[in-house]
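Shown next, in structure tokens, is the structure this report addresses.
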Amino acid sequence: NDNLVAAEGIYKEERGKGFSSDTLDIVMADAYIQSDKSTEARQLLNPWRGKSQLRHVYGSLGYIFGKDKKSKEAISVLEEGLQITNDPLLHLDLADAYKEAKKPIQAFESLKKAFEANAVEFADKHRIMYSLMNPNNTFLSIGQLQELANVLVLQYPRIAESHIIKGEIV
């Protein structure tokens, strides 16, 4: 892949100049992930665990572990990331990891925390709600869906879509 070769060239050039940062490693790790080279991405990001304040370090590691069917490790790194970064977007990744681990109660609690956070955009919450409302999705109960919809209505009373979602669930 030409893009990966170019990214590696730029990365090595920057490292050769003495530049080293979690941001630089995240960008390179993303290129590896997109090229299906999870091992290389994990090797770049693992040294930043517990040191970086960037959500992407923990979210990317959680994604890699999840993709490798290592949900226990994914949950661990995402919980660690939440402790360090306090970034509520990691609750969405954590909900996915709990879902993969077949832990629906914890997945719902993580989703609810993300939905209650102002830092998580309405558009993201809206998209997630519609995917959860798919008739083939039996992961959450109607009661749990209603609870998430209630959070949306309380947080966004002036956005019509939040009321529409609530109405569609009932």
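- Summarising the geometry of I165 relative to M129, their closest heavy-atom pair is CG2-CE, 3.7 Å, with the distance given to 0.1 Å.
- Between the CD1 atom of I169 and the CG atom of L148 there is a distance of 7.5 Å, given to the nearest 0.5 Å.
- The cluster map of Ile, Leu, Val, Met, Phe, Trp and Tyr, joined by side-chain heavy atoms under 4.5 Å apart, puts L90 and Y98 in the same cluster.
- Between S21 and L24, the shortest heavy-atom distance links the atoms OG-N, 3.0 Å.
- Closest approach of H91 to A114, counting heavy atoms only: CB-CB, 3.8 Å.
- Follow the hydrophobic side-chain contacts under 4.5 Å out from V153 and you never reach L140; the two are in separate clusters.
- Atom CE of M133 sits about 9.0 Å away from atom CD1 of I142, to the nearest 0.5 Å.
- W48 and M28 fall into different hydrophobic clusters, where Ile, Leu, Val, Met, Phe, Trp and Tyr side chains are chained together by heavy-atom contacts under 4.5 Å.
- Remark: K99 does not engage D96 in a salt bridge, criterion side-chain N to carboxylate O under 4.0 Å.
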- Would Y58 and E79 satisfy side chain to side chain contact (heavy atoms under 4.5 Å, CB included), going step by step from the backbone distance to the final call? CA-CA 9 Å; Y58 305 97; E79 286 177 342; over 6 Å; no

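- Between I159 and L152, every side-chain heavy-atom pair lies at or beyond the 4.5 Å cut-off.
- A 6.0 Å sphere centred on NZ of K12 holds no more than 12 heavy atoms belonging to other residues, nucleotides or ligands.
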Would K37 and L4 count as a side chain to side chain contact (heavy atoms under 4.5 Å, CB included) here? Give the steps. CA-CA 10 Å; K37 293 182 176 265; L4 180 61; 3.5 Å; yes

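- A single hydrophobic cluster is not seen to contain both F19 and I26; linkage of ILVMFWY side chains at heavy-atom distances under 4.5 Å, directly or through other members, places them apart.
- The two residues A7 and A31 have their closest heavy-atom pair at CB-CB, 4.1 Å.
- A continuous path of Ile, Leu, Val, Met, Phe, Trp and Tyr side chains, each step under 4.5 Å between heavy atoms, connects F108 with V120, placing both in one hydrophobic cluster.
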Run K17 and E14 through side chain to side chain contact (heavy atoms under 4.5 Å, CB included) and show every step you take. CA-CA 5 Å; K17 293 177 187 174; E14 293 301 309; 3.4 Å; yes

*Check against side chain to side chain contact (heavy atoms under 4.5 Å, CB included), S110 and K113*: CA-CA 5 Å; S110 289; K113 286 177 184 172; 5.7 Å; no

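- H126 places no side-chain N or O within 3.5 Å of a backbone atom of S162 that could act as its donor or acceptor partner.
- No side-chain heavy atom of S71 sits less than 4.5 Å from a side-chain heavy atom of F65.
- Remark: E168 CD is packed, more than 12 non-hydrogen atoms of other residues, nucleotides or ligands lying under 6.0 Å away.
- Checked by atom type, the side-chain pair Y11/D25 shows a donor-acceptor distance below 3.5 Å.
- The structure places NE2 of H163 at 12.5 Å from OH of Y156, a figure rounded to the nearest 0.5 Å.
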Carefully, step by step, assess R55 and D93 under the rule salt bridge (Lys or Arg N to Asp or Glu O under 4.0 Å). CA-CA 10 Å; R55 168 182 55 87; D93 297 331; 5.2 Å; no

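- To the nearest 0.5 Å, atoms NZ (K166) and CG (L145) are separated by 13.0 Å.
- At a cut-off of 3.5 Å, with distance as the only test, a side-chain donor of E8 or Y32 sits close to an acceptor on the other residue.
- The distance from the CG atom of D87 to the CG atom of L82 is 8.0 Å, given to the nearest 0.5 Å.
- Annotation for V57 and D22: closest pair CG2-CB, 4.4 Å, computed over non-hydrogen atoms.
- If you check the side chains of E161 and Y130, you find no donor sitting under 3.5 Å from an acceptor.
- Using modelled atom types, no side-chain atom of D68 and backbone atom of K70 make a donor-acceptor pair closer than 3.5 Å.
- Using modelled atom types, one finds a donor on one side chain and an acceptor on the other under 3.5 Å when comparing Q155 with N118.
- Rounding to the nearest 0.5 angstrom, the gap separating the CG atom in L61 from the OG atom in S76 is 10.5 Å.
- When all heavy atoms of S60 and L45 are compared, the pair lying nearest together is CB-CD1, 3.5 Å.
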